[in-house]
Amino acid sequence: MWQVVGYNRVLSLLQHSLQQQSLAHAYLLVGPPHVGKMTLALELAKALNCEAVEPPCGECASCQKIAVAKHADVQIIGVTQDVNSAEVRSRVEIGIDQIREMQHSSSLPPFEGRYKVFIINEAELLSTEAANCLLKTLEEPEDKIIFVLLATNDRLLPATVVSRCQRLELPPLKSAEIETALNSNWGIEPQKAKLLSRLCRGRLGWAISAVSDDTLFQQRRERLDRLHDIIDSDCEERFTYANQLATQFNQSRGLVLEVLDLWQEWWRDLLLAKVGLNEVITNIDISSTIVERSRYYSLAQIKNFINSIQAAGEQLRQNANPRLVLEVLALDMPRKERHGKEIATALNYG
Ligand SMILES: [Zn+2]
């Protein structure tokens, strides 16, 4: 049994290729972070080396070694530093030495299994030299050697490398699919499974880390509290907060973009509550706050501000001045007014 949630089409393709022994020499798995690319790559490595009749069994010595990264024939290549800062991260790459080492290892026959599997995590971080070096290996495929490249954005990879791989796309999963999996495979209680399935934006891996790591929840709680404070505050306080975010942006873009994603989700929930679609909001644990707050804004105000958040995110990604962008955004945030009568016309809103 493949321990993979969703992606039935990709799975049946891989299973079919395994049965027919018509595997590609290289696969490229493309999808957002935490969507399950590494899980699928490891399951493929297990299926290739499993000792049971119906691989991957997950229980034989081979499967267990792969699961704990102790199998001599399954190697993971990637950036070694554990870095969160986007600025540091942008200078980190998978170097040519790592690829040369891999090439040397791939020239030797499998040591304990049937296939050698090389998984290249975050392949878009390959340096140009390393990518060219890898290309040579991909152009001269050897028997019993399989490469699996994982990437969030394969447009950052040289087209020549992409063209040598079978590309398999792993888009975000549907929240219902994740909710069921969390509940039945991980035993998460229904209410929590529902909340996680909505917060994770289709990325099961994120949901699973949030189960074991409470800091992700705590961080979200703090960010929501801060958002509620800012909405209720005056210009000066909003200005101060925008400046704090701008300073933070210079240290870690990712964190600030996450804050904006959270804002956008919160305001989108407000819009849904406003038109009476309470059952599909994301932040279901604070749904009463959202419904209550939705009464203070007109639909136009909410929609315009969602557009402003989106535009700000794009400007930041295109390297606009963060202080300026965030100040304008913080001041743009609509103020509380009561717009009860609009509820009646809400469903006509396009
Ligand atoms: Zn097995």
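Numbers here are sequence positions counted from 1.
Rounded to the nearest 0.5 angstrom, M333 CE and Y241 OH are separated by 8.0 Å. Here the straight-line distance linking atom CG of L195 with atom OG of S175 works out to 11.5 Å at 0.5 Å rounding. In this structure, the separation between CD on Q219 and CG on D213 is 9.0 Å, given to the nearest 0.5 Å. Remark: L329 CG to L260 CG distance equals 6.5 Å, nearest 0.5 Å. Note that the SG atom of C165 and the NE2 atom of H25 stand 12.0 Å from one another [nearest 0.5 Å]. Rounded to the nearest 0.5 Å, atoms CG (L149) and CG (L168) are 11.5 Å apart.
By the neighbour-count criterion of 12 heavy atoms within 6.0 Å, atom CD of E258 is densely surrounded, having more than that number from other residues, nucleotides or ligands. For E54, the CD atom is loosely surrounded, since the number of other residues' heavy atoms within 6.0 Å does not exceed 12. Residue Q191 places its CD atom among 12 or fewer non-hydrogen atoms of other residues, nucleotides or ligands, all under 6.0 Å distant. Taking a 6.0 Å sphere around CZ of R335, one finds it holds more than 12 heavy atoms contributed by other residues, nucleotides or ligands. The local environment of CD in E129 is sparse, with at most 12 non-hydrogen atoms from other residues, nucleotides or ligands closer than 6.0 Å.
For an aromatic pair to be called close, the ring centres must be under 6.0 Å apart, and W266 with F305 fails this.
Judged by distance alone, with hydrogens and angles left aside, the side-chain atoms of Q98 form a donor-acceptor pair with the main-chain N or O of G95 at under 3.5 Å. Of the possible polar contacts, one joining the S308 side chain to the N304 backbone as a donor-acceptor pair under 3.5 Å is found. No donor-acceptor pair under 3.5 Å is formed between the side chain of S252 and the backbone N or O of Q248. Between the side chain of D234 and the backbone N or O of E237, at least one donor-acceptor pair lies under 3.5 Å. When atom types are taken as modelled, the side chain of N49 and the backbone of G113 share no donor-acceptor pair closer than 3.5 angstrom. Side-chain atoms of R238 come within 3.5 Å of backbone atoms of I231 as a donor-acceptor pair (strictly under, hydrogens ignored). A donor-acceptor contact shorter than 3.5 Å is absent between the side chain of K144 and the backbone of K116. Judged by distance alone, with hydrogens and angles left aside, the side-chain atoms of R164 form no donor-acceptor pair with the main-chain N or O of K136 at under 3.5 Å. Listed for the S163 side chain is a donor-acceptor partner under 3.5 Å among the backbone atoms of T160. Counting only distance, with no hydrogens or angles, the side chain of K274 and the backbone of Y297 share a donor-acceptor pair below 3.5 Å.
Side-chain atoms of L14 and L40, non-hydrogen and from C-beta on, do get closer than 4.5 Å to each other. Contact annotation: the side chain of Q264 approaches that of I306 to within less than 4.5 Å [non-hydrogen atoms, C-beta and beyond]. Annotation: side chain of I77 is not in contact with side chain of I119 (no heavy-atom distance under 4.5 Å). Side-chain contact between L224 and T289 is absent, with no heavy atoms from C-beta onward closer than 4.5 Å. Counting heavy atoms from C-beta on, the side chains of L23 and L48 come closer than 4.5 Å. At a threshold of 4.5 Å between non-hydrogen side-chain atoms, the residues E43 and K46 count as touching. Between R223 and D225, every side-chain heavy-atom pair lies at or beyond the 4.5 Å cut-off. Inter-residue side-chain proximity for E101 and D97 is flagged as unmet; no heavy-atom pair is nearer than 4.5 Å.
Side-chain heavy atoms closer than 4.5 Å link hydrophobic residues (I, L, V, M, F, W, Y) into clusters, and following such links, even through other members, never connects L156 to V92. Connection of V328 to F249 is not established within any shared hydrophobic cluster, with ILVMFWY side chains joined at heavy-atom distances below 4.5 Å, either directly or through further cluster members. M102 is connected to L138 through a chain of hydrophobic side-chain contacts under 4.5 Å among Ile, Leu, Val, Met, Phe, Trp and Tyr, so both are in one cluster. Criterion: ILVMFWY side-chain heavy atoms under 4.5 Å apart, direct or through other members. Under it, V280 and L262 are part of a common hydrophobic cluster. Transitive grouping of hydrophobic side chains (ILVMFWY, heavy atoms separated by less than 4.5 Å) keeps W263 and L324 in distinct clusters.
The heavy-atom pair separating E51 from S62 by the smallest distance is OE2-CB, 3.4 Å. A pairwise comparison of heavy atoms in L126 and L134 identifies CD1-CD2, 3.8 Å as the closest pair. Minimum interatomic distance between I290 and A273 (heavy atoms only, all atoms of both residues): CG2-CB, 3.9 Å. The two residues L11 and G6 have their closest heavy-atom pair at CD1-O, 4.0 Å. Closest approach of P32 and T152 over heavy atoms only: CA-CG2, 4.1 Å. Contact between I99 and A130 at its shortest, heavy atoms only, is CG1-CB, 3.7 Å.
A donor-acceptor pair shorter than 3.5 Å can be found between the side chains of N283 and R220. T137 and Q103 form a side-chain donor-acceptor contact under 3.5 Å, judged by distance and modelled atom types alone. With 3.5 Å as the limit, one finds a donor-acceptor pair spanning the side chains of Q75 and S105.
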>> Would T282 and R268 count as a side chain to side chain contact (heavy atoms under 4.5 Å, CB included) here? Give the steps.
In response: CA-CA 9 Å; T282 299; R268 183 182 155 273; 3.5 Å; yes
> Hey, mind stepping through R221 and D214 against salt bridge (charged side-chain N to carboxylate O under 4.0 Å, His left out) and telling me if it holds?
Replying inline: CA-CA 11 Å; R221 191 75 242 182; D214 214 35; over 6 Å; no
> Could you walk me through whether I120 and V148 pass the side chain to side chain contact (heavy atoms under 4.5 Å, CB included) check?
Replying inline: CA-CA 6 Å; I120 304 181; V148 188; over 6 Å; no
>> Would I94 and S127 count as a side chain to side chain contact (heavy atoms under 4.5 Å, CB included) here? Give the steps.
In response: CA-CA 6 Å; I94 301 172; S127 70; over 6 Å; no
> Checking side chain to side chain contact (heavy atoms under 4.5 Å, CB included) for the pair V30/K37: CA distance, chi angles, key distance, verdict?
Replying inline: CA-CA 7 Å; V30 183; K37 300 187 291 292; 5.9 Å; no
> Can you check side-chain hydrogen bond (donor to acceptor under 3.5 Å, both in side chains) on R323 and N250, steps first, answer last?
Replying inline: CA-CA 10 Å; R323 187 158 307 238; N250 293 327; over 6 Å; no
> Taking it one step at a time, do Y7 and W2 satisfy ring-ring contact (aromatic ring centres under 6.0 Å, His included)?
Replying inline: CA-CA 11 Å; Y7 308 118; W2 291 63; over 10 Å; no
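Comment: R293 engages D232 in a salt bridge, judged by a side-chain N to carboxylate O separation of less than 4.0 angstrom. Remark: E265 engages R201 in a salt bridge, criterion side-chain N to carboxylate O under 4.0 Å.
Ring planes of F147 and F118: parallel class, angle under 30° (limits at 30 and 60°).
A search for salt bridge (Lys or Arg N to Asp or Glu O under 4.0 Å) contacts involving R167 returns D154, E169, not counting sequence neighbours.
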